[in-house]
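Heads up, the thing below is written out as structure tokens.
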Amino acid sequence: MNQNFDYRNKRVLIVDDQRAFQIMLKTMLLNFGAKDVTHVGSAEDALKLCRHNTYDLLLVDYNLGSGLNGRQLFETLKMDNLLPIHTVFFLVTGDNSKAIVLSAIQMTPDDYLMKPFSQNELNLRIQKAFNKKEALLPIYQAIKDDDFAQAMEECDNAIIYSARYRNFCRLFKAELLIEKEKYAEARTILEEFIEDHPHTQAQLLLGRVYYLEKNYQQAIPLLSDIIKYNPMLLDGYDWLAHCFRDGGDSEKALQIVQRAIKHSHLSLERQGLLAELALDTNMNAIAKEAFFAILMQTKNTIHQAPQHLINYVQAIILVAKNEEDKFKQGRLLQEISGLFHRSSQQHPYVEEDELLALEGYSLASIHNVKGNQVKAKHTLLKSNEAYLTEPEGTPEWLGPQLVNLLVELEEFEFAEKVQPYIQHSNVHSEKLLASISGEEDSKEVQFQHHNKLGIEAFTEGKLDVALQHFETALSIAPLNTGAALNKVQVCIALLVKVERPWPEVTRKIADTFTELENFPLSEQQAERKAELRKEFNIQRMQEKKRANKM
């Protein structure tokens, strides 16, 4: 502990909705020598103070009752540039649930405190955080000034002269290089670091670099090991999922994100990724729940937006459209109606006229799903008359959905009139619209098309045709294990069929098995792979026997 640390010149803000804890924490700080300690009971009051005052230390409780919570306050302060680089921010909570703890840690405050804690622990942690912040202040200043070269130089200085923070700065430097897309330089730093220290954070960053370089062969086994031995390191799941998604195996990616969500659901980015993958794999009910989670988590925060509301509406429509049970379909559509009960109080972030237009679009969609196109047209045209008359005023978040429904209802002239003013700015909205209108992502469509034709050709005994289709499918989605196993099965069938095996086919089987070694497989896929390998080995042994007889 730094004996020269002086609390007297520190301005402190305590944010906690419990008066007793405010007083207790303030008493501790006064005992440390602090002279300027302010406390408030809500994030909103804290924001007001931070807009007009600068604080050296913020001690913020995670759960603050209604309104913003501590994590959201931290996010808002950063986004609004209200946290000076010298300020130390602590998240404090008495809720030790896994989801809350992991959510808080992922926000990377300067420190995180669990209640209850002793006066000595608080003192030690505050001093430690300030010492670190002071030592690294030149780096933070260079980043704030957007001076990348200076930031690199300050990192190098800290690596040389600061033994305590040397390893932290080596990793921090790698992160800065990743942000600047200097992946090769970052990879060199991380690989050298790991040789000296098998550090989990360094391995995670390296896995991220491999992914960004599209080197999935190295990224996947590395990231798989990280989450195997560090199951609470949620970023590992995210990057592993990205590897499988970009490699063409959205189903595997979805499974991985679902595992991360089970540990902590409090991440907008992860819920967004879950929704995207669920749509890619036609798991529409999962997508619906993810969009609902996003809508709820953004409520009363800086992230609240009409886009989240309409995404959820679309997700319900998508599920309802594919529901054959009319009773279940009706219950789903009631969820939409419930969203607009006392709508102005529920959605104050949407302009009143825009909200009425959205409600009209939603009700028209309900009628359309139920098969009442005439009523759907009437509802849509009446509620969105202003935008159909003056399409240039159509809200960006509503326009694509409006055009899509107009086309479905065969109002082509109106759709054509609005179309020039439409811009797709939300990937989730695009995917939802494509799914609702029956159009899937082109990559997914092409893959499924060739994989299906390959299966059909194999069933009909047209092995050469089947192989061609499976290889085309894998060129579109190179990490799809199902198609890879299909290719192996066809190649083995070709070996059985011919009297003397083709070296080219044997090489294709061996190469595919080698590629599959790096990818985690489901139990069913692993069993199938083992059976195919056994069959392949039998064919090779028989070929050797034939060769020896000759």
Side-chain angles (χ1 to χ4, degrees), residues 250-251 254 271-272 274-296 306-341 343 355 357-384 397-412 414-415 418-419 422 424 426-445 447-449 452:
S250 294
E251 287 186 10
L254 176 64
Q271 290 287 358
L274 177 66
E276 187 177 337
L277 292 168
L279 291 173
D280 286 342
T281 53
N282 296 317
M283 303 296 285
N284 299 327
I286 294 174
K288 170 180 165 289
E289 293 308 310
F291 284 120
F292 179 70
I294 292 170
L295 180 62
M296 290 297 100
Q307 187 69 64
H308 302 313
L309 178 58
I310 199 167
N311 283 352
Y312 180 49
V313 169
Q314 287 180 276
I316 297 173
I317 291 167
L318 177 59
V319 176
K321 200 170 184 179
N322 292 282
E323 178 55 66
E324 295 180 1
D325 187 315
K326 294 300 180 184
F327 176 76
K328 290 181 180 178
Q329 186 185 74
R331 292 288 297 272
L332 282 165
L333 296 174
Q334 283 177 9
E335 291 184 38
I336 297 178
S337 300
L339 287 172
F340 297 99
H341 177 64
S343 54
L355 190 58
L358 172 57
E359 183 176 6
Y361 160 81
S362 303
L363 294 176
S365 297
I366 292 174
H367 296 315
N368 187 42
V369 171
K370 288 182 175 181
N372 194 339
Q373 278 71 38
V374 174
K375 196 169 184 179
K377 282 186 182 184
H378 177 77
T379 303
L380 184 66
L381 298 180
K382 184 177 180 181
S383 60
N384 284 266
W397 51 268
L398 178 60
Q401 290 80 359
L402 182 57
V403 168
N404 188 75
L405 187 54
L406 286 167
V407 170
E408 277 201 44
L409 297 173
E410 300 181 359
E411 289 289 348
F412 303 116
F414 278 125
V418 178
Q419 186 64 53
I422 300 309
H424 283 281
N426 183 271
V427 65
H428 295 139
S429 178
E430 287 187 64
K431 285 183 176 290
L432 283 161
L433 286 174
S435 299
I436 289 170
S437 59
E439 303 165 10
E440 299 176 31
D441 179 80
S442 59
K443 183 177 178 181
E444 192 83 3
V445 169
F447 169 80
Q448 295 291 0
H449 173 71
K452 182 181 178 182

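Legend: residues meeting side-chain hydrogen bond (donor to acceptor under 3.5 Å, both in side chains) with Gln401, ordered by chain and number and at least two apart, are Gln314, Ser429. With sequence neighbours excluded, no residue forms a side-chain hydrogen bond (donor to acceptor under 3.5 Å, both in side chains) with Gln334. Lys375 pairs by the side-chain contact (heavy atoms from CB on, under 4.5 Å) definition with His367, Asn372, Thr379, not counting sequence neighbours. Every residue meeting the side-chain contact (heavy atoms from CB on, under 4.5 Å) condition with Ser365, not counting sequence neighbours, appears here in chain and number order: Ile317, Tyr361, Leu405. Annotation: side-chain hydrogen bond (donor to acceptor under 3.5 Å, both in side chains) contacts of Asn284 (sequence neighbours excluded): none. Legend: residues meeting side-chain contact (heavy atoms from CB on, under 4.5 Å) with Ala278, ordered by chain and number and at least two apart, are Leu254, Met283, Ile286, Ala287. Annotation: salt bridge (charged side-chain N to carboxylate O under 4.0 Å, His left out) contacts of Glu408 (sequence neighbours excluded): Lys321. For Glu276, the salt bridge (charged side-chain N to carboxylate O under 4.0 Å, His left out) partners are Arg245, not counting sequence neighbours. Taking the side-chain hydrogen bond (donor to acceptor under 3.5 Å, both in side chains) definition, one finds that Gln307 meets it with Asn311, sequence neighbours left out. Residues meeting the side-chain contact (heavy atoms from CB on, under 4.5 Å) test with Glu411, sequence neighbours left out: Lys377, Leu381, Leu406, Phe414.
To the nearest 0.5 Å, atoms CG (Leu274) and CG (Leu279) are separated by 9.5 Å. Between the CG atom in Leu339 and the CD1 atom in Ile310 there is a gap of 11.5 Å [rounded to 0.5 Å]. We find the CG-CG distance between Leu318 and Leu433 to be 10.0 Å, quoted to the nearest 0.5 Å. Rounding to the nearest 0.5 Å gives a distance of 11.5 Å between CD1 of Ile294 and CD of Glu289. Annotation: the span from Leu363 atom CG to Asn368 atom CG amounts to 12.5 Å, rounded to 0.5 Å. To the nearest 0.5 angstrom, Gln419 atom CD is 10.5 Å from Leu402 atom CG.
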Report all side-chain donor-acceptor pairs from residues 324-332 shorter than 3.5 Å, counting only partners two or more places apart or in another chain.
| unit_1 | atom_1 | unit_2 | atom_2 | d |
| --- | --- | --- | --- | --- |
| Asp325 | OD1 | Phe327 | N | 2.9 |
| Asp325 | OD1 | Lys328 | N | 3.2 |
| Gln329 | NE2 | Ala320 | O | 2.9 |

Worked check of side chain to side chain contact (heavy atoms under 4.5 Å, CB included) between Lys288 and Phe292: CA-CA 6 Å; Lys288 170 180 165 289; Phe292 179 70; 5.8 Å; no
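Crowding of Glu323 atom CD: a count of heavy atoms from other residues, nucleotides or ligands under 6.0 Å exceeding 12.
Contact of the Ser337 side chain with the Ile366 side chain is registered, since non-hydrogen atoms from C-beta on lie closer than 4.5 Å.
Looking at every heavy atom in both residues, Ser383 comes nearest to Gly360 through OG-CA, 3.2 Å.
Using cut-offs of 30° and 60° for the angle between ring planes, the Phe291 and His428 rings count as perpendicular.
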